[in-house]
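Presented below is the structure to which this report refers.
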Amino acid sequence: MSKNLLSDLNSQQLQAVQTVNGPVLIVAGPGSGKTRVITKRIAFLVDSGNCAPSEIAAVTFTNKAAKEMLGRLEDLMGYSANLVTISTFHSFCSSILRRYGGHIGINQNFVIYDDDDQIRAIKKCMEEANIDPKKFSPRSILSAISNSKSELRDHESFSSIKSNYFDEIVGRVFERYEEMLFANGAVDFDDLLLKTYLLFNKNQEIAQIYQHRFKHFMVDEFQDTNVAQYAIAKKLSDLSRNLCVVGDPDQSIYSWRNADIRNILSFQTDFPEATIIALEENYRSTQNILTAAQNVIAKNKERVDKNLWTNNKKGGLITIKENYNEDEEAQSVINEIMKISESKNYSLSDIAVMYRVNAQSRALEMSCQKNGIAYQIVGGVKFYQRKEIKDITSYLRVISNPNDDVSLARIINVPTRSIGKRTSSEISKVAITNNISMFEAIERVCKDSHLNDFLPSQLSSRAVNSLTKFVNLISILRKDIDQETLASTVDKIIINTGYKEYLAKDENADERLENLQEYKNSTSEFDDLSGLEGITAFLENISLVSDIDGLADLDQSITLITLHQAKGLEFPIVFMVGMEEGMLPHIRSIESGDPTELEEERRLCYVGMTRAKENLFLHRAFRRGFRGGSEPTLPSRFLSDIPTTLTNTVGLNQVHSTNQDSITKRNNKKKHPGLQNSYDQSKNQQSRSSKKLPRRKTINKIDLTPSKEEWTYSIGNKVKHPTFGDGIVISIEGSGPDPVLTIAFKNKHGIKKLLASMAKLKKL
DNA sequence: AATTAGGCATTTTTT
DNA sequence: ATGCCTAATT
């Protein structure tokens with residue numbers, strides 16, 4: 001056995017690597033060398049003759065994590081690393097269903113519906129079941145269905161539980177939805193897990209194939225698995241009992257996606273003989289950063305305390321930076337980054353800016369562009385979710401399976417070919433009454449139109465004409481797919497459908513065409529597969545690929561990323577922006593009134609902070625853009641949980657602080673009656689910070705705008721509002737600096753009451 | 001059928 | 001502010 005395999009491990013890591021018999025739970029704090037332990041454990045299993053590489057399976061959360069794991073395993077054991085099954089839970093299950101799904105009636109060439117497809121399908125089901133989408137949002141119904149599936153309950157067991165009216169409705173849609181998926185040869189994300197589980201339970205012999213094949217099963221990010229995933233993992237290790245799970249309850253941030261933190265507890269009950277190992281030495285962060293993060297997470301009630309420590313140096317102070325609004329926040333981040341970059345100690349790829357919601361990236365992107373800083377953005381509008389990409393993908397799906405109604409409905413009139421809503425709903429009706437797919441319905445209508453067998457009187461001959469053309473189009477596209485590469489099939493689609501001309505009308509035509517080019521390029525790795533096979537493989541690939549997987553290690557660009565996506569990554573320098581109440585913790589978790597949701601926000605904050613190796617910057621803004629307008633904010637409660645000895649607060653000049661005080665008071669009364677406590681803390685912190693600060697005159701954009709005191713209004717003033725246009729002040733309520741103005745606007749906007757400080761009014 | 005205007009909800013995070 | 005959907009208009 002190679003000596004260096006075990007030489008650089010601490011005693012806990014060593015134990016984790018060498019405990020290879022029986023169930024193991026590894027609680028791995030951030031930066032504790034988790035990946036190293038997993039890969040070395042695999043290498044050790046092989047090295048010590050415990051099993052062959054092909055008898056080991058390790059599942060991760062993202063493809064990126066899987067790829068990285070494979071890479072590091074290759075470093076340890078060379079080519080044989082490729083014999084280890086390393087993949088995400090979803091693609092692992094997908095390949096099982098591809099092979100054995102037939103046993104439970106799953107089409108071998110099933111497509112995987114993404115979120116968008118699911119919503120479309122749900123809407124269609126609701127339509128058919130006569131359920132008003134205004135009364136019940138398709139989103140919430142889908143989420144109920146997804147919930148149910150994640151807990152291993154199919155529509156039958158869902159319906160069998162007597163419940164409230166909403167569940168009644170969900171049950172009806174659920175049943176129809178399942179039929180639709182089946183008829184379309186499709187499964188959704190949750191099905192990949194649920195059906196795999198059902199397959200194993202119905203067909204023990206298939207379960208046994210995998211139970212025998214995998215002597216060792218490892219699950220990474222165990223805190224983020226759902227009930228279905230855990231059940232599958234348990235099933236697979238029924239025989240071997242060699243289930244090793246690695247996770248950190250403090251980094252559980254996906255409960256909204258049905259991840260169930262109780263899996264960790266279940267594991268301990270299900271496997272009472274399990275060895276439990278805690279990895280507590282942090283190799284990643286400076287002492288200051290680790291201590292700060294520890295102080296934040298320590299406030300959670302529902303947790304077991306850990307004893308994290310590090311031998312790293314103390315490091316610099318954590319910078320808390322206050323800014324006026326999100327634009328200045330972004331600019332101050334970029335300024336700092338330019339300073340860092342000039343120092344030459346770091347490259348741009350060492351730097352990440354993290355935020356709670358994707359929308360926050362916009363201000364950052366703009367600042368990057370303005371200052372010529374290259375950036376890499378993860379997420380946002382996801383590549384495979386862009387309209388042009390989804391359109392062409394839907395064509396591919398229809399080519400490979402014309403019975404996929406959801407995909408067909410998407411492209412039947414894109415580009416427009418005179419098949420309107422009316423015509424498609426007639427087709428839909430024909431399809432339902434005859435229990436056939438929409439495509440079959442179209443074919444029959446066209447073929448038999450002269451016989452009048454299937455032609456509903458409502459369908460004009462013109463409509464039939466258009467439909468005939470559509471059927472011909474599809475058959476042209478389907479022809480010869482076995483002889484051509486995927487890229488040429490895509491080309492054929494773009495040309496024959498007139499998609500290019502259709503795009504030309506779009507204002508982002510160039511960008512969209514580029515996207516299609518990129519899409520085409522991405523097909524090349526499937527070139528050696530023929531026709532249908534290639535399409536199926538390609539479609540599966542794009543369904544299971546996430547944006548973070550494409551995150552490259554580009555040397556010349558910073559990374560913009562959400563806190564969720566940042567899990568598992570690390571950067572020498574981390575900026576967290578939007579450290580405000582309502583942003584982090586997110587308003588939804590505050591308003592839900594559910595303390596566990598706030599605890600999850602805290603964990604999210606913890607995850608973000610512990611991504612940083614050397615320097616951590618926490619930015620907040622006094623005002624935050626919200627639905628067009630801009631609203632005052634309170635500092636995040638998490639900021640006040642960091643000991644001030646670890647931080648250096650950089651505030652704004654006095655003008656802004658005063659501004660903020662009055663804003664804060666009003667805001668506190670108005671919007672956050674339940675937050676007295678954190679408000680007090682934040683106020684203390686703020687007065688502390690403003691005392692420390694020298695009064696400095698900075699000339700910036702904000703100082704140029706008149707202060708509120710100068711904005712006195714009287715009746716008859718003419719004003720201009722950015723959206724309502726010109727108007728006249730007709731009454732003023734309340735005295736003092738911030739009255740409520742009643743303004744009569746021109747045109748149809750009429751009379752509005754506006755708070756002087758909030759409305760972006762210009763005096764004329 | 002296609003285009004346009006106006007009304008409405010929306011925004012967490014993603015395999 | 002933006003985007004999606006519906007209703008009204010061409």
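Numbered from 1 within each chain, the chains take letters A, B, ... in sequence-line order.
When the C1' atom of B/dT13 is taken as reference, atom CZ of A/Phe61 falls 10 Å away, rounded to whole Å. Note: CD1 (A/Ile590) to C1' (B/dT13) measures 15 Å, nearest angstrom. In this structure, A/Leu563 atom CG and B/dT13 atom P are separated by 11 Å, rounded to whole Å. Per the geometry, CZ belonging to A/Arg139 stands 16 Å off C1' belonging to C/dC5, to the nearest Å. Separating the CG atom of A/Leu604 from the C1' atom of B/dT14 is a distance of 13 Å, rounded to the nearest angstrom. If you measure from atom CG of A/Asp116 to atom C1' of C/dG3, you get 14 Å, rounded to the nearest angstrom. Between the OH atom of A/Tyr230 and the P atom of B/dT15 there is a distance of 24 Å, rounded to whole Å. Atom pair A/Leu584:CG and B/dT11:C1' shows a separation of 15 Å (rounding to whole Å applied).
Contact check of residues 88-97 of chain A against DNA chain B (heavy atom, cut-off under 4.0 Å) returns A/Thr88, A/His90.
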Please determine whether salt bridge (Lys or Arg N to Asp or Glu O under 4.0 Å) holds for the pair A/Glu329 and A/Arg620, giving the CA-CA distance in whole Å, both sets of side-chain angles, and the decisive distance to 0.1 Å.
CA-CA 7 Å; A/Glu329 177 187 65; A/Arg620 74 175 184 97; over 6 Å; no

Given side chain to side chain contact (heavy atoms under 4.5 Å, CB included), test A/Leu192 with A/Phe92 step by step and report yes or no.
CA-CA 9 Å; A/Leu192 292 174; A/Phe92 180 75; over 6 Å; no

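Side-chain N/O atoms of A/Gln565 include one lying less than 4.0 angstrom from OP1 or OP2 on B/dT14. At the phosphate of B/dT14, OP1 or OP2 sits under 4.0 Å from a side-chain N or O atom of A/Thr562. The side chain of A/Lys123 contributes an N or O atom lying less than 4.0 Å from OP1 or OP2 of C/dC5. Dashed line: the shortest gap from a side-chain N or O of A/Asn358 to OP1 or OP2 of B/dT11 is not under 4.0 Å.
B/dT11 and C/dT6 have their C1' atoms separated by 22 Å, with the value rounded to a whole Å.
Side-chain contact between A/Met126 and A/Phe136 is present, with at least one heavy-atom pair separated by less than 4.5 Å.
When each of A/Arg417 and A/Thr60 is assigned the nucleotide of DNA chain B bearing its nearest heavy atom, the one mapping closer to the 5' terminus is A/Arg417. Each of A/Ile419 and A/Glu597 has a nearest nucleotide on DNA chain B; the 5'-most of these lies closest to A/Ile419.
At the heavy-atom level, A/Asp188 lies nowhere under 4.0 Å from the strands shown.
Classification of A/Asp391 and A/Arg410 as a salt-bridged pair holds, one side-chain N sitting under 4.0 Å from a carboxylate O. Between A/Asp190 and A/Lys195, no side-chain nitrogen of the basic residue sits less than 4.0 Å from a carboxylate oxygen of the acidic one, so the salt-bridge criterion is not met.
Out of B/dA2, B/dT15, B/dT11, the shortest distance to the side chain of A/Arg257 is found at B/dT15.
Between the side chains of A/Ser91 and A/Ser94, no donor-acceptor pair is found at a separation under 3.5 Å.
The CZ atom of A/Phe470 sits 4.0 Å away from the CD1 atom of A/Ile411 when rounded to the nearest 0.5 Å.
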Listing time: all N or O pairs from protein to nucleotides 8-10 of chain C that are below 3.5 Å?
none

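No option in A/Tyr197, A/Phe217, A/Phe89, A/Phe222 other than A/Phe222 meets the ring-ring contact (aromatic ring centres under 6.0 Å, His included) test with A/Tyr230.
In this structure, A/Ile232 and A/Leu193 approach most closely via the heavy-atom pair CD1-O, 3.3 Å. For A/Met609 against A/Val296, the heavy-atom pair with the smallest separation is SD-CG2, 3.8 Å.
The aromatic ring of A/Phe189 sits over the base of B/dT15, with ring centres less than 5.5 Å apart and planes tilted by under 30°.
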